[in-house]
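Have a look at the structure below before the remarks.
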Amino acid sequence: MFFSSIAADYTKMGYPKAIVRALDFLKNTDLKALPGGRHAIEGGDMMYANVDDVETKLFETTKPESHRNYVDIQFMVDGGEENMGFFVDKGLVKPVESYPDRDCYFYPNEAVDEGQIHCPEGYYTVFFPSDIHRPLLAVNDKPIKIRKVVVKVHVSLLGE
């Protein structure tokens, strides 16, 4: 997992080429004007963006999640801020809900060693398959409407 501002020069951080291309998309696309929904970036299912107009949630109403086939790049576009929980998948916590067709696995709410990061507008977090994460957490327990984009990068692109 890593976290930074889109204003930082991510081309000099040693990220995989596919991650750099995804960040280029986020930096060079008018994300406020892009319609909500799914948008192909590369090869249909290899890299795509989900544009979401959503509301942040109280911690107790959320579940940690992970993905096995995709890296998530979660980017705060507009509306303020969110917190995101995270912890490394050490195999100690098993999913309580599994949706392999959507590459989505949910975990019990009683996560151990879960940290949180604050993600304001213009910042992104990259979650790898080993990173169990909990997006859309309301800051100071005050849910707000936000626009965020989640770029999904297939793990096979990381070896380029």
Side-chain angles (χ1 to χ4, degrees), residues 1-8 10 15 18-87 89 95-107 109 111 114-155 157-158:
M1 181 197 94
F2 47 88
F3 171 78
S4 189
S5 167
I6 200 70
Y10 53 81
Y15 296 164
I19 301 296
V20 171
R21 292 194 308 273
L23 293 172
D24 284 343
F25 169 83
L26 292 170
K27 187 172 188 174
N28 299 317
T29 303
D30 184 355
L31 300 171
K32 292 180 181 181
L34 203 59
R38 182 173 165 157
H39 302 272
I41 300 172
E42 289 182 12
D45 287 341
M46 296 306 287
M47 185 185 304
Y48 61 92
N50 289 325
V51 177
D52 300 319
D53 294 300
V54 293
E55 189 167 296
T56 59
K57 302 173 183 179
L58 297 176
F59 181 89
E60 57 272 9
T61 66
T62 65
K63 292 179 188 171
E65 65 183 62
S66 71
H67 315 286
R68 296 180 180 160
N69 299 316
Y70 286 90
V71 172
D72 264 12
I73 303 174
Q74 302 211 9
F75 181 68
M76 176 61 63
V77 177
D78 193 23
E81 60 192 355
E82 73 176 311
N83 287 334
M84 288 187 271
F86 65 92
F87 58 98
D89 185 358
V96 292
E97 296 176 48
S98 297
Y99 304 95
D101 55 317
R102 293 180 13 224
D103 191 39
C104 199
Y105 303 85
F106 291 101
Y107 295 82
N109 211 9
E114 184 172 351
Q116 281 192 19
I117 53 174
H118 177 248
C119 190
E121 186 172 325
Y123 282 75
Y124 63 88
T125 307
V126 179
F127 293 108
F128 292 92
S130 61
D131 301 315
I132 298 174
H133 52 284
R134 184 192 304 254
L136 296 175
L137 295 175
V139 175
N140 297 320
D141 291 328
K142 295 179 183 168
I144 60 170
K145 292 183 180 186
I146 61 169
R147 171 168 268 221
K148 71 183 294 184
V149 175
V150 180
V151 175
K152 308 289 276 184
V153 178
H154 196 273
V155 293
L157 295 177
L158 298 179

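Residues take their numbers from the sequence shown, with the count starting at 1. FYI, side chains are in, hydrogens and waters are out, and symmetry mates aren't considered; it's all heavy atoms of this structure.
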Under 3.5 Å, sequence neighbours excluded: what are the donor-acceptor pairs made by side chains of residues 115-128?
| unit_1 | atom_1 | unit_2 | atom_2 | d |
| --- | --- | --- | --- | --- |
| His118 | NE2 | Glu81 | OE1 | 2.6 |
| Tyr124 | OH | Tyr15 | OH | 3.3 |

Discussion item. The criterion is side chain to side chain contact (heavy atoms under 4.5 Å, CB included); which residues satisfy it with Thr56, sequence neighbours excluded?
Written reply: Glu82, Ala138, Pro143, Ile144, Ile146

Fill in: is_close_aromatic(His67, His133), centroid dist under 6.0 Å
yes

Practice prompt. Say whether, by atom type as modelled, one donor and one acceptor occur between the side chain of Ser5 and the main chain of Ala7 under 3.5 angstrom.
Written response: yes

Item to complete: Please list all pairs passing the side chain to side chain donor-acceptor pair (under 3.5 Å) test where one or both residues lie in residues 30-43, with sequence neighbours left out.
Response: Arg21-Glu42, Arg38-Asp45

Discussion item. If I take atom CD1 from residue Ile19 and atom CG from residue Leu157, how far apart are they, to the nearest 0.5 angstrom?
Written reply: 9.0 Å

Worksheet item: By salt bridge (charged side-chain N to carboxylate O under 4.0 Å, His left out), which residues pair with Glu97, not counting sequence neighbours?
Response: Lys63

Fill in: Gap between atom CG of Leu23 and atom OH of Tyr10 - 0.5 Å precision
5.5 Å

Item to complete: Could you list the residues that satisfy side chain to side chain contact (heavy atoms under 4.5 Å, CB included) with Pro129, not counting sequence neighbours?
Response: Val71, Val155

Fill in: Inter-residue atom distance Asn69.CG - Asp103.CG, 0.5 Å rounding
4.0 Å

Worksheet item: Is there a side-chain contact between Lys148 and Pro135, using heavy atoms and a 4.5 Å cut-off?
Response: yes

Worksheet entry | Thr62 side chain reached by Leu136 side chain, heavy atoms, under 4.5 Å | no

Fill in: Check: Tyr99 and Asp101 side chains under 4.5 Å, non-hydrogen atoms
yes

Worksheet entry | Pairing residues for Ala40 by the side chain to side chain contact (heavy atoms under 4.5 Å, CB included) criterion, not counting sequence neighbours | none

Discussion item. Return the SG to CG distance between Cys104 and Asp72, rounded to the nearest 0.5 Å.
Written reply: 8.5 Å

Worksheet item: Which is it for Ile73 and Leu26 under the side-chain contact (heavy atoms from CB on, under 4.5 Å) test, yes or no, and what are the steps along the way?
Response: CA-CA 10 Å; Ile73 303 174; Leu26 292 170; 3.8 Å; yes

Discussion item. Distance check, rounded to the nearest 0.5 Å: Phe2 atom CZ versus Asp131 atom CG?
Written reply: 9.5 Å

Listing, residues 46-54 side-chain donor-acceptor contacts under 3.5 Å, not counting sequence neighbours, or none:
| unit_1 | atom_1 | unit_2 | atom_2 | d |
| --- | --- | --- | --- | --- |
| Asp53 | OD1 | Arg147 | NE | 2.7 |
| Asp53 | OD2 | Arg147 | NH2 | 2.8 |

Practice prompt. With sequence neighbours left out, write down each residue that passes salt bridge (charged side-chain N to carboxylate O under 4.0 Å, His left out) with Lys57, or none if nothing qualifies.
Written response: none

Worksheet item: Which heavy atom in Tyr107 sits nearest to a heavy atom in Val96, and how many Å separate them?
Response: C-CG2, 3.8 Å

Practice prompt. Measure across Tyr70 and His154 and return the closest heavy-atom pair with its distance rounded to 0.1 Å.
Written response: CD2-N, 3.5 Å

Discussion item. Once rounded to the nearest 0.5 Å, what's the spacing between atom CZ of Phe75 and atom CG of Asp78?
Written reply: 10.0 Å

Fill in: Asn83 and Arg134: side chain donor to acceptor below 3.5 Å
no

Fill in: Partner residues of Asp141 under the side-chain hydrogen bond (donor to acceptor under 3.5 Å, both in side chains) criterion, sequence neighbours left out
none

